[in-house]
Amino acid sequence: MRLVVVSNRVTIPDRHEKATAGGLAVALREALERHGGLWFGWSGVVGAARQLRETQRGNVTYAVTDLSEAERESYYLGFSNRALWPIMHYRLGLTEFQRSDYMGYLGVNRRFARELAGMIRPDDVIWIHDYHLIPLAAELRRRGVTNRIGYFHHIPWPSADTLTALPFSATLVRTLAAYDLVGVQTRLDARNLVDCLVMLCGAKFDGRRVRLGLRETAVRAFPIGIDVEAFRRLAAASVRQAATPLRATRESLGERKLVIGVDRLDYSKGIVQRLEAFGQFLRSHPEERGRVGLLQIAPPSRSDVPEYAELDRMSDEVAGRLNAQLGEFDWTPIRVVKKAYSRTALAGLYRSAQVGLVTPMRDGMNLVAKEYVAAQNPADPGVLVLSRFAGAAQQLGEALIVNPYDTHEVAEAIRTALAMPKSERIRRFEALYQIIEASGIHWWTRCYLEALAGEPVAAEDVEPPGKAGAKAETPARRAGARSARSTTRPAAQERGEARDASAGPGRKRASAAGEASHLTLVR
């Protein structure tokens, strides 16, 4: 079996490149190298020349093509990012639809299919990624490709009534029936997608597969993970080496505590609301002023889209206003840094932060939450505050789960996290670490490819250990929200506090009994 991966963007690795620890690109590259394969997609170049270019690296062929300026405007900036992205994140007010953009989107998918079809071998298994390429399998089928084709949707899939606000939504959803397997991040995403196929396209669902015409499609939840052990080692090494960003941050903080947020500058991430919540925390708890600071790292993305330029302006405005109102001559409560940092630097900053503030308004998974957990010092871990609307909340129930639309609730969660006793922090961390370790990126890749190839997957391998559907724990609902004094942990956990800071938690896998589900959607 040869693996063919298709994604919107393809970066060809340099011959002397040293792979970065973790990340989807690294996991896909490893899978391609293991099976031998082809990676196809946009080069990232915009120009008049659109010839397909192939580059060989070991037993992996990278095939890339350019986009014209018109294709970039309609396919990428237009329909993908002004129509699909906002509606998939439930932001109807930001959705902009132009028929010309939709036609351009279909046109690029048609061209990709035409260029890719001639490279497909009879025994290839094809894995297509994300919302830019939803109709690609249907275009390949029209060209006679009969191979097994899978699709993974990395962002949320909305409810049917939300998606129907998008013109041609039924036509677009129908193209999903060309896939043998559609993977999503959560059970809710899977339910929503099946509902769309049934309600908009008249498909039949028997509890295991969706039938539309002569085709059957499995819709399954595969929560994506990270390379936990690699990221843990990266964090420990970063602290030992005291890289420049980490050293400078420590020196500026002194004895103060650190709350950290790391996101692309995107309206789905809730950055402005997070800044307001931190301001509310300082107003509600004036005794914490001068004792804690928020570092928000927010590298810009899609700056040529108007909504993102406005978000850039708003985040600066809110941070400036709060710093002016709440800061002191020797203390700036909020620092917003709009540049990208290396994974090594980020891992060290995560490990140094007492609170990881991950509060998107809506997210498919959010791997920052998992990276924050993986980076922690097991002997003295920080606390994860996590939005209930991030896909990761379905697994990471031992985080403090919050409603990002409620600034008071997020503010109280910050207070609870900072006041939490070490014993409770360790208990929560160990539970979270077991979950992310048992459902890492290699688990995800293996399970998806086995399912796509038609191999049976054991139930315990399907839904990783976690708190899927768990009751959200919010500071407003928990008695004693302003402190964590009421929390305890078993005596057995107390004995683990002397664990070496650089060693990972125990390798015991959390039980999946009662929580595993078949990848096929079962109501």
Side-chain angles (χ1 to χ4, degrees), residues 1-8 10 24-41 59-61 112-113 116-117 119-141 144-155 157 175-187 189-190 193-194 197 208-212 214-225 364-365 439-464 516-522:
M1 178 195 86
R2 188 180 73 151
L3 177 62
V4 175
V5 170
V6 187
S7 59
N8 172 57
V10 177
L24 174 63
V26 172
L28 293 178
R29 189 182 303 170
E30 289 176 353
L32 285 163
E33 290 170 349
R34 185 166 59 252
H35 295 282
L38 168 69
W39 197 339
F40 176 94
N59 63 344
V60 180
T61 301
F112 279 14
L116 179 60
M119 308 176 74
I120 299 298
R121 301 173 185 171
D123 64 339
D124 285 346
V125 170
I126 305 168
W127 192 4
I128 296 169
H129 287 266
D130 227 1
Y131 61 104
H132 312 84
L133 303 171
I134 291 172
L136 185 56
E139 296 295 339
L140 288 170
R141 299 297 187 203
V145 175
T146 59
N147 303 57
R148 290 189 67 80
I149 308 177
Y151 170 74
F152 191 82
H153 192 73
H154 290 264
I155 63 177
W157 191 277
T175 65
L176 290 169
Y179 291 98
D180 297 287
L181 173 65
V182 175
V184 291
Q185 300 279 18
T186 69
R187 294 174 179 175
D189 294 328
L193 199 153
V194 169
L197 283 163
R208 293 190 61 82
R209 291 181 178 273
V210 176
R211 292 185 178 87
L212 186 58
L214 299 177
R215 290 200 56 83
E216 290 189 348
T217 301
V219 179
R220 306 179 178 182
F222 299 83
I224 195 169
M365 177 52 60
S439 57
I441 188 65
H442 302 294
W443 170 92
W444 177 79
T445 306
R446 174 178 59 83
C447 285
Y448 188 95
L449 290 177
E450 287 177 358
L452 180 56
E455 299 177 21
V457 181
E460 61 269 24
D461 288 334
V462 169
E463 183 80 9
S517 71
H518 292 288
L519 289 173
T520 44
L521 180 64
V522 179

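Just so you know, these numbers use all the heavy atoms, side chains as well, and skip hydrogens, waters and symmetry mates. Residue numbers start at 1 and run along the sequence shown.
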Are [X] and [Y] packed together at the side-chain level, in the sense that at least one heavy-atom pair is separated by less than 4.5 angstrom?
{"X": "Thr445", "Y": "Trp127", "value": "yes"}
{"X": "Ile224", "Y": "Ile441", "value": "yes"}
{"X": "Arg2", "Y": "Asp124", "value": "yes"}
{"X": "Met119", "Y": "Val4", "value": "no"}
{"X": "Ile126", "Y": "Val145", "value": "yes"}
{"X": "Ile134", "Y": "Tyr151", "value": "yes"}
{"X": "Leu449", "Y": "Met1", "value": "no"}
{"X": "Leu181", "Y": "Tyr448", "value": "yes"}

Could you go through the salt bridge (Lys or Arg N to Asp or Glu O under 4.0 Å) check for Arg220 and Asp180 one step at a time?
CA-CA 11 Å; Arg220 306 179 178 182; Asp180 297 287; over 6 Å; no
Using modelled atom types only, decide if a donor and an acceptor are shared between the side chain of [X] and the backbone of [Y] within a distance under 3.5 Å.
{"X": "Tyr179", "Y": "Ala218", "result": "no"}
{"X": "Asn147", "Y": "Pro122", "result": "yes"}
{"X": "Arg148", "Y": "Leu452", "result": "yes"}

Please find the pair of heavy atoms, one from Leu212 and one from Ala177, that lie closest to each other, and give the distance.
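Smallest interatomic distance, heavy atoms only, reads CD2-CB, 3.7 Å.
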Shortest non-hydrogen contact from Gln185 to His153?
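Between these two residues, the closest heavy atoms are CG-O, 4.0 Å.
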Criterion side-chain contact (heavy atoms from CB on, under 4.5 Å) on Leu116 and Leu38, from CA distance to verdict
CA-CA 10 Å; Leu116 179 60; Leu38 168 69; 3.9 Å; yes
Parallel, tilted or perpendicular, judged at 30° and 60°: which one describes the rings of Phe152 and Trp444?
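Phe152 vs Trp444 ring planes: perpendicular.
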I need the Leu136 CG to Glu139 CD distance, nearest 0.5 Å.
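Taking CG in Leu136 and CD in Glu139, the distance rounds to 7.5 Å.
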Determine whether Ile149 and Arg141 satisfy the following criterion, side-chain contact (heavy atoms from CB on, under 4.5 Å), listing intermediate values before the conclusion.
CA-CA 10 Å; Ile149 308 177; Arg141 299 297 187 203; 3.5 Å; yes
